[in-house]
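Numbers restart at 1 for each chain; the letters A, B, ... are given by sequence-line order, proteins then strands.
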Amino acid sequence: MTDEGLDRDTVMADYSKLKVGVLALQGDFKRHTHQLGQLGSRTLEVRTASHLEEIDGLIIPGGESTTMDILIDRFRLRQPLIEFCQIKPVWGTCAGMIMLAKNIEDNQANVSPLGLMDIDVVRTGYGRQVHSFEQLLMTKLNGEDITLRATFIRAPMITRVGKSVQILIEYNGSPVLVSEGLIMASSFHTELDNDTTLLEFFMGRFLLSQK
Amino acid sequence: MKRLEDKKHKVKIGLAEMLKGGVIMDVISAEQARIAENCGAVAVMALERVPSDIRADGGVARMADPDIIEEIKKAVTIPVMAKCRIGHISEAQVLESLEVDFIDESEVLTPADYKHHVDKWAFNVPFVCGCRNLGEALRRISEGAAMIRTKGEAGTGDVSHAVRHLREINTAMKSLTVTPEEELYTVAKDFQVSIDLVRIVAKEGKLPVPNFAAGGIATPADAALCMQLGAEAVFVGSGIFKSDNPEKRGKAIVTATTNFQDPSMIADCSRGLGDAMKGIQAEDIPEEELLQTR
């Protein structure tokens with residue numbers, strides 16, 4: 001991944017030529033399509049393989065990874081998703097990150113991740129719901145100091161990152177935002193607040209630079 | 001309603017957001033919980049008896065045995081919910097100490113307090129509460145509920161009351177969006193909630209927490225109907241494990257919930273499911289035996 005596109009003035013970015021899909025099998029996909037709409041991007045709720053042919057990039061939202069795993073097979077999306085993610089930008093949040101991982105450590109429910117990113121995760125690594133939390137994350141993205149209002153909901157923890165994985169943000173000694181090639185993954189949610197900072201980063205770095 | 005913006009409350013609503021588009025299934029054992037998870041349920045509700053048995057058996061229905069809840073928690077990786085009696089602060093505290101992921105302060109169990117609900121702001125675990133109309137929904141939200149569901153009439157397999165409650169809430173919300181400001185004060189007074197909360201609904205045209213359907217859902221088409229009427233996810237109680245083929249029916253209800261706008265998909269998944277739960281017509285139940293009036 002080069003830094004091409006990083007210097008773009010995101011305030012002036014024109015997202016209207018992009019069509020970004022959100023995997024809509026289950027979860028908070030409407031929060032993502034809403035935010036994409038706010039930025040002026042076209043969106044599509046992705047439920048079939050043919051939907052993938054229409055979009056420039058994909059967000060795999062939060063939800064239940066066990067459910068998503070089952071529905072990905074039930075609706076014959078596994079191979080099309082893998083092929084899509086090998087050539088187009090994708091961002092997985094929370095359950096979406098679990099689906100992108102190479103390996104799930106606590107794999108009691110036999111979820112088969114798509115295995116597209118060289119990371120290992122522990123599901124609900126930050127604890128059950130009573131331990132869910134909101135945390136301000138201060139970091140530098142695009143050379144700018146930014147603050148993200150991050151919500152960790154029964155969040156997965158990244159326990160290993162491969163050599164080709166770039167750690168973008170760490171929290172309490174664990175990576176929480178990582179990228180590899182055209183893939184970005186986060187343990188946390190930013191779409192629960194009206195904060196499009198991270199979405200704009202994803203769009204600028206991975207999508208506009210592709211166009 | 002500044003409390004709705006609290007960090008703690010937003011984290012509670014966050015889990016409800018993640019359950020959207022999914023099916024939450026009632027289970028009474030670890031084995032049933034595993035079947036539910038394999039069907040694609042987004043969460044299970046741990047119970048001692050499903051609502052249709054509670055209705056048939058009579059007597060006092062209480063929180064489940066902690067052993068059952070622990071076994072179910074161990075059996076699955078999806079969130080585990082459990083029910084406490086209305087107003088039963090101690091049962092709610094016990095469930096929080098067991099680290100269930102959501103508490104349903106439920107009319108399906110025998111109420112412990114006929115006057116007061118649990119102060120749900122005092123908890124770290126999120127609560128879901130049932131309602132029949134907008135006033136009831138907003139009172140529960142005022143008390144700190146992070147999710148609202150329709151009451152319907154549990155344990156009947158008759159979806160008509162869930163439909164009535166969904167429609168009633170939708171109509172009331174729509175009408176609030178065109179209600180003049182001076183009349184909102186009267187609405188707040190009638191609903192017995194703060195004017196601030198009424199203003200939020202009047203402005204947004206929707207509840208400030210996710211709105212799910214429950215009560216009498218027994219078929220894939222029932223689930224799709226509730227979704228079409230604006231429910232953001234569905235609870236299925238007796239409808240699955242009181243049917244001929246729970247696994248097949250459970251899967252079909254999940255498929256129909258995801259694809260509620262696709263009738264041919266719902267037709268496909270509705271084939272050969274065997275008998276649905278027999279059920280009873282909710283209209284035939286005498287007023288004093290209705291669970292929803294609790």
Where on [X] is there a heavy atom nearer than 4.5 Å to chain A: the side chain, the backbone, both, or neither?
X	value
B/Asn38	backbone
B/Lys8	neither
B/Thr255	both
B/Ala75	backbone
B/Pro210	neither
B/Ala41	backbone
B/Val23	neither

Is the closest side-chain heavy-atom distance between [X] and [Y] below 4.5 Å?
X	Y	value
A/Lys30	B/Lys20	no
B/Asn259	A/Phe75	yes
A/Arg128	B/Lys73	yes

### Top contributor to chain A interface from B/Gly22, B/Pro79, B/Gly40, B/Gly21 [non-hydrogen pairs under 4.5 Å]
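It is B/Pro79.
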### Query
Picking from B/Glu96, B/Met265, B/Lys12, B/Lys251, which has the most non-hydrogen pairs under 4.5 angstrom with chain A?
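Ranked by contacts with chain A, first place is B/Lys251.
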Identify which part of [X] has an atom lying under 4.5 Å from any heavy atom of chain B, answering side chain, backbone, both or neither.
X	value
A/Asp69	neither
A/Ala24	backbone
A/Arg123	side chain
A/Phe133	backbone
A/Glu191	side chain

[atom1] of [X] to [atom2] of [Y]: how many Å apart, nearest 0.5 Å?
X	Y	atom1	atom2	answer
B/Glu37	A/Ile70	CD	CD1	7.0 Å
A/Ser132	B/Met18	OG	CE	9.5 Å
A/Asp28	B/Leu15	CG	CG	11.0 Å

Can you establish whether the number of heavy atoms outside [X] located under 6.0 Å from its atom [atom1] is more than 12?
X	atom1	answer
B/Glu31	CD	no
A/Arg78	CZ	yes
A/Leu137	CG	yes

Strictly distance-based, threshold 3.5 Å: is any side-chain N or O of [X] a donor or acceptor partner for the main-chain N or O of [Y]?
X	Y	answer
A/Thr66	B/Ile78	no
A/Glu64	B/Thr77	no
A/Thr151	B/Val11	no
A/Glu134	B/Asp6	no

### Heavy-atom pair of closest approach, residues A/Arg74 and B/Cys39
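Closest heavy-atom pair between A/Arg74 and B/Cys39: NH2-O, 2.8 Å.
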### Task
Identify the two heavy atoms, one from A/Arg47 and one from B/Thr258, that lie closest to each other, and give their separation to 0.1 Å.
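The pair with the smallest heavy-atom distance is NE-O, 3.4 Å.
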### Query
Taking 4.0 angstrom as the limit, do A/Asp193 and B/Lys10 come out as a salt bridge?
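Yes, charged N to carboxylate O under 4.0 Å.
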### Task
Show your reasoning for whether side chain to side chain donor-acceptor pair (under 3.5 Å) applies to B/Glu99 and A/His131.
CA-CA 9 Å; B/Glu99 297 200 354; A/His131 304 290; 2.9 Å; yes
